[in-house]
Amino acid sequence: EARQQGQQVLLTITDNGPGIQPQQIDALYNENAVVGTRQGLGLHLIRDLAKAIQCSISFRPAVNGGACFTITI
């Protein structure tokens, strides 16, 4: 979903997977967080790309399982 809120654009991506582990959520906000190389690597990439283009990223659990990520531009 993409929507405008005032002067910001919010891009929300929702999946219906098994959800996300607490240490993976930490990887979104903590540059020193360590996650396994098989899972969670994408979170590091998204975090670093969002930071590089001066965006913020947030997480919330999806209603029926999975995860919901929002990038604010």
Side-chain angles (χ1 to χ4, degrees):
E1 173 187 15
R3 67 183 188 281
Q4 187 167 352
Q5 187 175 39
Q7 296 296 317
Q8 299 177 321
V9 174
L10 284 72
L11 176 61
T12 302
I13 300 106
T14 304
D15 72 21
N16 59 357
I20 186 169
Q21 300 297 318
Q23 66 270 23
Q24 292 172 313
I25 296 169
D26 189 41
L28 286 175
Y29 306 106
N30 179 358
E31 292 183 18
N32 299 317
V34 177
V35 294
T37 57
R38 295 184 61 91
Q39 293 182 344
L41 182 59
L43 297 175
H44 282 284
L45 296 173
I46 296 299
R47 179 204 61 217
D48 292 347
L49 289 171
K51 182 179 175 182
I53 59 172
Q54 299 177 344
C55 296
S56 65
I57 187 166
S58 61
F59 162 81
R60 64 181 162 77
V63 175
N64 295 320
C68 192
F69 297 92
T70 300
I71 298 172
T72 304
I73 304 170

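Predicted, not measured: the structure shown is a model, and the values here were computed from it. Index from 1, following the sequence.
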>> Measuring from atom OG of Ser56 to atom CG of Leu10, what distance do you get when rounded to the nearest 0.5 angstrom?
In response: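 Reported value, rounded in 0.5 Å steps: 8.0 Å.
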> Are the side chain of Gln5 and the backbone of Gln7 linked by a donor-acceptor contact shorter than 3.5 Å?
Replying inline: no
> Quick one: side-chain hydrogen bond (donor to acceptor under 3.5 Å, both in side chains) pairs with a partner in residues 8-20, sequence neighbours left out?
Replying inline: Thr12-Thr70
> Can you list every pair that meets ring pair (Phe, Tyr, Trp, His ring centres under 6.0 Å) and has a residue in residues 49-73, with sequence neighbours left out?
Replying inline: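 Listed by first then second residue: Phe59-Phe69.
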> Can you get from Ile73 to Ile57 by hopping between Ile, Leu, Val, Met, Phe, Trp and Tyr side chains that sit under 4.5 Å apart?
Replying inline: yes
>> Does Gln4 have more than 12 heavy atoms from other residues, nucleotides or ligands lying within 6.0 Å of its CD?
In response: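 Yes, because the 6.0 Å sphere around CD of Gln4 holds more than 12 heavy atoms from other groups.
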